[in-house]
2 protein chains.
Amino acid sequence: MAADPLSRVFSALADPTRRDMVARLTVSDATVNELAEPYDVTVQAVSKHLKVLADAGLVSRTRQAQRRPAHLETEVFDLMTKWIERYQRRAEERYRRLDDVLASMPDDVEPTAPRQPPKTGAGT
Amino acid sequence: MAADPLSRVFSALADPTRRDMVARLTVSDATVNELAEPYDVTVQAVSKHLKVLADAGLVSRTRQAQRRPAHLETEVFDLMTKWIERYQRRAEERYRRLDDVLASMPDDVEPTAPRQPPKTGAGT
DNA sequence: CTTGTGTTCAACCATAGGGTTGAGGACAAG
DNA sequence: CTTGTCCTCAACCCTATGGTTGAACACAAG
């Protein structure tokens with residue numbers, strides 16, 4: 001349903017059950033029934049979860065007779081990792097710089113807020 | 001609302017607007033109004049988003065007169081990174097091993113599925 | 001064909017989420 | 001105190017989501 005892939009992946013992993021399923025799928029592929037066993041929800045619910053994971057690109061489904069084993073895909077992990085690391089790095093770098101900035105900053109200068117409170121009716 | 005921290009963080013980042021806010025906060029702290037400017041939603045909506053990010057531990061709020069600048073926190077990133085890397089590593093390792101396993105595996109042995117379809121009424 | 005197993009589809013229910021509008025609280029400045 | 005700015009709270013709407021049950025589809029096997 002969600003448009004962008006990143007949202008789908010994050011959203012898929014926002015559920016503890018789904019995260020646990022992913023964790024278990026790192027051990028081995030598994031069918032819906034196998035996956036459903038530990039949880040106290042219906043098989044249909046697990047099937048839905050699996051669909052969410054599949055839509056997010058986290059798992060692929062194959063066919064073995066009546067069974068549809070789920071297999072974990074690792075590509076999408078990179079998507080998240082890259083996003084996270086990118087901004088984590090930027091944030092931490094900024095954090096490091098902050099000391100310098102603060103050290104050379106008099107009180108009447110505020111670099112982060114170029115928009116000081118004007119008199120009134122400050123348009124644009 | 002979500003119990004565990006990991007769910008909260010993933011859930012918080014499952015929204016494109018919130019991810020964009022995080023991205024912008026890596027550049028500099030910002031107030032609600034500043035954050036709201038680029039989006040065509042109300043300030044209240046952005047305030048809610050900010051609350052979600054704060055509840056997830058991704059941002060902290062400070063007080064500057066009437067303003068409540070948001071500051072990005074980097075700790076929580078580690079939480080995600082660790083989870084992701086852990087299972088990504090396990091998945092990729094398993095992927096590498098798979099070749100070996102398949103090579104030494106006759107058709108009638110299936111290590112991943114100890115529960116072959118029994119006659120009928122397979123209890124437990 | 002009939003039965004049985006594994007899985008999904010469809011309809012439905014309850015709750016959470018993102019959005020809105022409107023009111024109100026916290027401060028700064030007249 | 002009154003006004004104005006920044007922000008949040010509350011109520012409400014609508015859709016998404018996770019769960020259920022019941023039916024149906026896909027195969028395997030009698």
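What you see is a predicted model, and the numbers here were worked out from it, not measured in a lab. Hydrogens, waters and symmetry mates play no part in the numbers below; they use all other heavy atoms, side chains included. Labels below follow one simple rule: chain letters A, B, ... track the order of the sequence lines, proteins then strands, and each chain is numbered from 1.
Counting atom types as modelled, B:Gln44 pairs a side-chain N or O with a base atom of C:dG22 as donor and acceptor under 3.5 Å. Applying the 3.5 Å distance criterion, the base of C:dG19 shares a donor-acceptor pair with the side chain of B:Lys48.
With distances taken from any side-chain atom of B:Ser47 to the nucleotides C:dT20, C:dT7, D:dT8, the minimum falls on D:dT8. In the set C:dT7, C:dA26, D:dG18, the nucleotide with an atom closest to the side chain of B:Gln66 is C:dA26. For B:Arg61, whose side chain is taken as the heavy atoms from C-beta onward, the closest listed nucleotide among C:dG18, D:dT8, C:dT7 is D:dT8. Closest to the side chain of A:Thr42, out of D:dT21, C:dG19, D:dG18, is D:dT21.
Between the CE atom in A:Met21 and the CG atom in A:Leu13 there is a gap of 11.5 Å [rounded to 0.5 Å]. Residue B:Thr42 holds its OG1 atom at 8.5 Å from NZ of B:Lys48, rounded to the nearest 0.5 Å. Remark: A:Arg68 CZ to A:Asp29 CG distance equals 13.5 Å, nearest 0.5 Å. Rounding to the nearest 0.5 Å gives a distance of 6.5 Å between CD of A:Glu85 and OG1 of B:Thr81.
Between B:Asn33 and D:dT5 there is no side-chain N or O to OP1 or OP2 distance below 4.0 Å. Contact between the side-chain N/O atoms of B:Arg63 and the OP1/OP2 oxygens of C:dC27 is found at a separation under 4.0 Å. Under 4.0 angstrom from either OP1 or OP2 of C:dG17 there lies no side-chain N or O belonging to B:His49. Remark: A:Arg67 is not in phosphate contact with D:dA28, judged by side-chain N or O atoms under 4.0 Å from OP1 or OP2.
Atom CG in B:Leu35 sits roughly 14 Å away from atom P in D:dC6 (whole-Å rounding). A straight line from CZ of B:Arg8 to C1' of C:dA16 spans 15 Å, rounded to a whole angstrom. Taking atom NZ of residue A:Lys51 and atom C1' of nucleotide D:dG19, one finds them 17 Å apart after rounding to whole Å. The CG-P distance, from A:Leu53 to D:dG18, rounds to 10 Å in whole Å. Atom CZ of B:Arg68 and atom P of C:dG25 are 16 Å apart (whole Å). Across the protein-nucleic acid pair, A:Asp55 atom CG and D:dA16 atom C1' stand 14 Å apart, rounded to whole Å. Look at CD on A:Gln64: it is 14 Å from C1' on D:dA28, rounded to the nearest Å.
A parallel orientation is assigned to the rings of B:Phe77 and A:Trp83, their planes being inclined by less than 30° (bins at 30° and 60°).
The residues B:Arg19 and B:Asp15 are annotated as not salt-bridged, no charged nitrogen and carboxylate oxygen being separated by less than 4.0 angstrom.
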Please step through side-chain contact (heavy atoms from CB on, under 4.5 Å) for the pair B:Leu50 and B:Arg61, ending with a clear verdict.
CA-CA 9 Å; B:Leu50 219 34; B:Arg61 311 296 303 274; 3.8 Å; yes
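With the nearest nucleotide of DNA chain C identified for both A:Leu50 and B:Ala65, A:Leu50 has the one nearer the 5' end.
Note on the helix from C:dC1-D:dG30 to C:dG30-D:dC1: terminal axis deviation equals 10°, with five pairs used at each end and the result rounded to 10°.
B:Arg90 places no side-chain N or O within 3.5 Å of a backbone atom of A:Thr26 that could act as its donor or acceptor partner.
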